[in-house]
Participant: 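A single structure is presented below for examination.
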Amino acid sequence: MRVFDNATQELKYKVIKEVCKLAFEERLNDCYYAIPRILVPDNTQAMRCCIYKDRAIVEEMVRHIIGTWCVPNHLLEVLDIACDECPIDRYTVSEGCRGCISHRCVSSCPVQAIRISTKSKKAVIDIDKCIECGKCFRACPYNAIRENVRPCVRACKIGAIKVEKTKKASIDYNKCVSCGACMAKCPFGAIQDRSYLLDTIKLLKESENNAKYKVYAMVAPSIGTQFNYADVEQICTALKMLGVYDIFEVAVGADITAYKDALEYAEKGCLMSSCCPSFVEYVNKQFPQLKDYISVNPSPMVECAKLIKKQDKNSKIIFIGPCVSKKGEAKLPEVAGFVDNVITFEELQALIDSRDIKVEELEKTQIKSASYFGRAFARSGGVSEAVKNIIAEENLNVTPNIICADGLDNIKIALLKNNKGLAKDLFIEGMACAGGCVNGAGCVNHDARSVKMMNEYSEKAYKVNVSNIVKEHLKE
């Protein structure tokens, strides 16, 4: 049984699934007309004002998935036609207004957008004049002015979502770190992430059943919290049925990253993790004075890809995980050539179902796994735990002083406390998503038990001396 967080995510899944079907059949030219009518037939109940609006939005989603109107380097974009259902007035006067005579709301407004009704003696906001500064909201002694915050604005902890005069949302890409929180929280599905699914399908088809080159899939450790209707090993079998030659768990790369981070930490005396690209981008944009403290070591995704490329130079690699910003990381000059494509778990679900694969009925395919510590990277605290383990195994000369900051609001607090430089022995683990990668925007679902599930999945991995395993990998 497929379990999604909400109906907008399920609609996105259905659109992606239909695009994949037509891509495999080489009928993409039909998608703009056919898919809106498949998903919104004539006899259906309209989700919005009418089925024609529903179809127009589905068509826009199709164009976005295919990349027709995508802006280069933008991993998240607002679909204007879907966003126009959401306009709300930021500030409204509630029944709590007592019609007081101090009129602090009126005197605080810099544009005279508030007046007192001669009839009711209560405040009235002129929406056409209001600039949404919030001064009246803060001035009212009765808290009678209500602030209505859009879900996308509330979700973005760094103020990268703005509401234009048209009442539509827009993304400030100078601030955006592509965490995808706005996308996950938008109740109309008006914010979409860039998709590389068609590139992935092309990669699989042109491999000629892995004769021309071998296609490897790397799955993020947080896969242990997804696809709860089947085992991870059955998902691996489904990947093979899609045309993948072999599957690696990115936890292998996590072990390598932890080993290198521990050595760098001991050498420098203070460090910040580099595993989460949204965290790295946030530091670079908002706290550039601290960027030199970011680990120079590649992320687990890159380390795992380098390991595969070392073994098979002609390989093509697809990373599958919960993260939108990994799509951007794969395009960085220093990463290009290692990771060929990135797709999310929700995209993988649609890709599998587009081929009518009954995952829960499949045999199991063993995944190339790693240690408990490598898998635990997927939750907040996992990176730090892995680094501490290496410090103990290698008897490194550093006494760990660790801050685990998950969620951009907590990251901001941690960085503000250290904005002039990190203290001796301080290690900051930063993860843009609350709880860690287990709650990434590209997850199929966001379960309240995800951290518990991740711990259980990590416990299934073998426990050995990680340093010895990593040294063997680095020798190969």
Participant: Is any side-chain heavy atom of Val149 closer than 4.5 Å to one of Arg90?
Facilitator: yes
Participant: Would Cys20 and Ile201 count as a side chain to side chain contact (heavy atoms under 4.5 Å, CB included) if you check the C-alpha gap in whole Å, the side-chain angles of each, and the deciding distance to 0.1 Å?
Facilitator: CA-CA 8 Å; Cys20 290; Ile201 292 172; 4.0 Å; yes
Participant: Ignoring hydrogens and geometry, is there a side-chain-to-backbone donor-acceptor pair from Lys291 to Val283 under 3.5 Å?
Facilitator: no
Participant: Might you point out which heavy atoms bring Ala441 and Val324 nearest each other, and give the distance in Å?
Facilitator: CB-CG2, 4.1 Å
Participant: Could you measure the distance from the CG atom of Leu75 to the NZ atom of Lys326? Nearest 0.5 Å is fine.
Facilitator: 12.5 Å
Participant: When you measure from the side chain of Asn389 to the backbone of Glu385, do you find a donor-acceptor pair of N or O atoms at a distance under 3.5 Å?
Facilitator: no
Participant: Using the rule given for side chain to side chain contact (heavy atoms under 4.5 Å, CB included), can you reason through Ile66 versus Tyr32, listing the C-alpha separation, both sets of side-chain angles and the distance that settles it, and then say yes or no?
Facilitator: CA-CA 10 Å; Ile66 292 175; Tyr32 302 114; 3.9 Å; yes
Participant: I'd like to check Val383 versus Met431 (side-chain heavy atoms, cut-off strictly below 4.5 Å). Are they in contact?
Facilitator: yes
Participant: Working to the nearest 0.5 angstrom, can you tell me the gap between Ile88 CD1 and Glu147 CD?
Facilitator: 9.5 Å
Participant: Does Ile81 reach the side chain of Cys83, with side-chain heavy atoms less than 4.5 Å apart?
Facilitator: no
Participant: Which is it for Glu429 and Ser273 under the side chain to side chain donor-acceptor pair (under 3.5 Å) test, yes or no, and what are the steps along the way?
Facilitator: CA-CA 5 Å; Glu429 173 199 305; Ser273 64; over 6 Å; no
Participant: Are the side chains of Ile131 and Pro110 in contact, using a 4.5 Å heavy-atom criterion?
Facilitator: yes
Participant: Is a side-chain donor or acceptor of Asp406 paired with a backbone partner of Ala432 at a separation under 3.5 angstrom?
Facilitator: no
Participant: Only counting residues at least two apart or in another chain, list the ones meeting ring-ring contact (aromatic ring centres under 6.0 Å, His included) with Tyr293.
Facilitator: none
Participant: Can a side-chain donor-acceptor contact be found between Glu77 and Gln192 if the only test is distance below 3.5 angstrom?
Facilitator: no
Participant: Would you please test Lys168 and Glu164 for salt bridge (Lys or Arg N to Asp or Glu O under 4.0 Å) and show each step?
Facilitator: CA-CA 5 Å; Lys168 296 186 180 184; Glu164 302 293 344; over 6 Å; no
Participant: Looking only at the side chains, is there a donor atom on one of Ser325 and Ser178 sitting less than 3.5 Å from an acceptor on the other?
Facilitator: no
Participant: Considering all heavy atoms of both residues, which atom of Ile294 and which atom of Leu271 are nearest to each other, and what is their separation?
Facilitator: C-CD1, 4.5 Å
Participant: Does Glu95 CD have over 12 foreign heavy atoms under 6.0 Å away?
Facilitator: no
Participant: Within a strict 4.5 Å, meaning less than it, do heavy atoms of the Ile390 and Asp255 side chains meet?
Facilitator: no
Participant: So which atom in Cys105 and which in Ile145 form the shortest heavy-atom distance, rounded to 0.1 Å?
Facilitator: CB-CD1, 3.9 Å
Participant: Going through the distances and angles, do Lys309 and Asp340 end up as a salt bridge (Lys or Arg N to Asp or Glu O under 4.0 Å)?
Facilitator: CA-CA 11 Å; Lys309 292 282 187 181; Asp340 297 279; 3.4 Å; yes
Participant: State whether a side-chain donor-acceptor pair under 3.5 Å links Ser299 with Glu329.
Facilitator: yes
Participant: I'd like to know if the side chain of Asn297 pairs up with that of Glu264 as donor and acceptor (distance under 3.5 Å, no hydrogens or angles considered).
Facilitator: yes
Participant: Rounded to the nearest 0.5 Å, what separates atom CG in Asp30 from atom CD in Glu18?
Facilitator: 12.0 Å
Participant: Identify which one of Val444, Ile235, Thr200 satisfies the side chain to side chain contact (heavy atoms under 4.5 Å, CB included) criterion when paired with Leu348.
Facilitator: Ile235
Participant: Backbone N or O of Lys157 within a donor-acceptor pair of the Asp409 side chain at under 3.5 Å?
Facilitator: no
Participant: Any idea how Tyr265 and Phe427 line up, ring-wise: parallel (<30°), tilted (30 to 60°), or perpendicular (>60°)?
Facilitator: tilted
Participant: Under a 3.5 Å distance rule, please check whether Asp54 uses its side chain to pair with a backbone N or O of Met47 as donor and acceptor.
Facilitator: yes
Participant: Is there a side-chain contact between Gln226 and Cys443 in this structure, where contact means two heavy atoms from C-beta onward sitting under 4.5 Å apart?
Facilitator: yes
Participant: Would you confirm whether Asn284, through its side chain, and Val280, through its main-chain N or O, come within 3.5 Å as a donor-acceptor pair?
Facilitator: yes
Participant: Which heavy atom of Ala217 sits nearest to which heavy atom of Leu239, and what is that distance?
Facilitator: CB-CD1, 4.2 Å
Participant: Both conditions, 6.0 Å and 45 degrees, for the charged tip of Arg37 above the ring of Tyr33: are they met here?
Facilitator: yes
Participant: Would you say Glu10's side chain and Phe4's backbone share a donor-acceptor pair under 3.5 angstrom?
Facilitator: no
Participant: Is there a side-chain contact between Tyr13 and Glu347 in this structure, where contact means two heavy atoms from C-beta onward sitting under 4.5 Å apart?
Facilitator: no
Participant: May I have the step-by-step check of salt bridge (Lys or Arg N to Asp or Glu O under 4.0 Å) for Lys14 and Asp353, ending in yes or no?
Facilitator: CA-CA 9 Å; Lys14 289 177 180 178; Asp353 290 345; over 6 Å; no
Participant: Closest heavy-atom contact between Leu422 and Cys270?
Facilitator: CB-CB, 3.8 Å
Participant: Check whether NZ of the Lys or CZ of the Arg Lys331 lies under 6.0 Å from the centre of the six-membered ring of Tyr196 and within 45 degrees of that ring's axis.
Facilitator: yes
Participant: Just wondering, do Ile320 and Ile223 contact through their side chains at under 4.5 Å, heavy atoms?
Facilitator: no
Participant: For the side chain of Ser94 and the backbone of Ala144, is there at least one donor-acceptor N/O pair under 3.5 Å apart?
Facilitator: yes
Participant: If you round to the nearest 0.5 Å, how far is CD1 of Ile125 from CD of Glu132?
Facilitator: 10.0 Å
Participant: Has Asn148 got more than 12 heavy atoms of other residues, nucleotides or ligands less than 6.0 Å from its CG?
Facilitator: yes
Participant: With a 3.5 Å distance limit and no angle check, can you tell me whether Thr44 reaches the backbone of Val40 through a side-chain donor-acceptor pair?
Facilitator: no
Participant: Side chain to side chain contact (heavy atoms under 4.5 Å, CB included) between Leu76 and Met183: does it pass, once the steps are laid out?
Facilitator: CA-CA 8 Å; Leu76 293 162; Met183 176 185 77; 4.1 Å; yes
Participant: Any luck finding a side-chain donor-acceptor pair between Asp5 and Asn445 under 3.5 Å?
Facilitator: no
Participant: If only atom types and distance count, is the side chain of His103 paired as donor or acceptor with the main-chain N or O of Arg115 below 3.5 Å?
Facilitator: no
Participant: Taking the cut-offs as 6.0 angstrom to the six-membered ring centre and 45 degrees off its axis, would you call Arg146 and Tyr91 a cation-pi pair?
Facilitator: no
Participant: Can you see whether Thr257 engages Glu303 through a side-chain donor-acceptor pair at a distance of less than 3.5 angstrom?
Facilitator: no
Participant: Could you give the distance from CZ (Arg449) to OG1 (Thr225), rounded to the nearest 0.5 Å?
Facilitator: 10.5 Å
Participant: Would you call Lys285-Glu281 a salt bridge at under 4.0 Å N-O?
Facilitator: yes
Participant: What are the two closest heavy atoms between Pro322 and Ser222, and how far apart are they?
Facilitator: CG-OG, 3.3 Å
Participant: With rounding to the nearest 0.5 Å, note down the distance linking CG in Asn341 to CD1 in Ile318.
Facilitator: 6.0 Å
Participant: Could you give me the CA-CA distance, side-chain angles and deciding distance for Glu456 and Lys452, then say whether side chain to side chain contact (heavy atoms under 4.5 Å, CB included) is met?
Facilitator: CA-CA 6 Å; Glu456 291 172 354; Lys452 180 177 181 291; 2.7 Å; yes
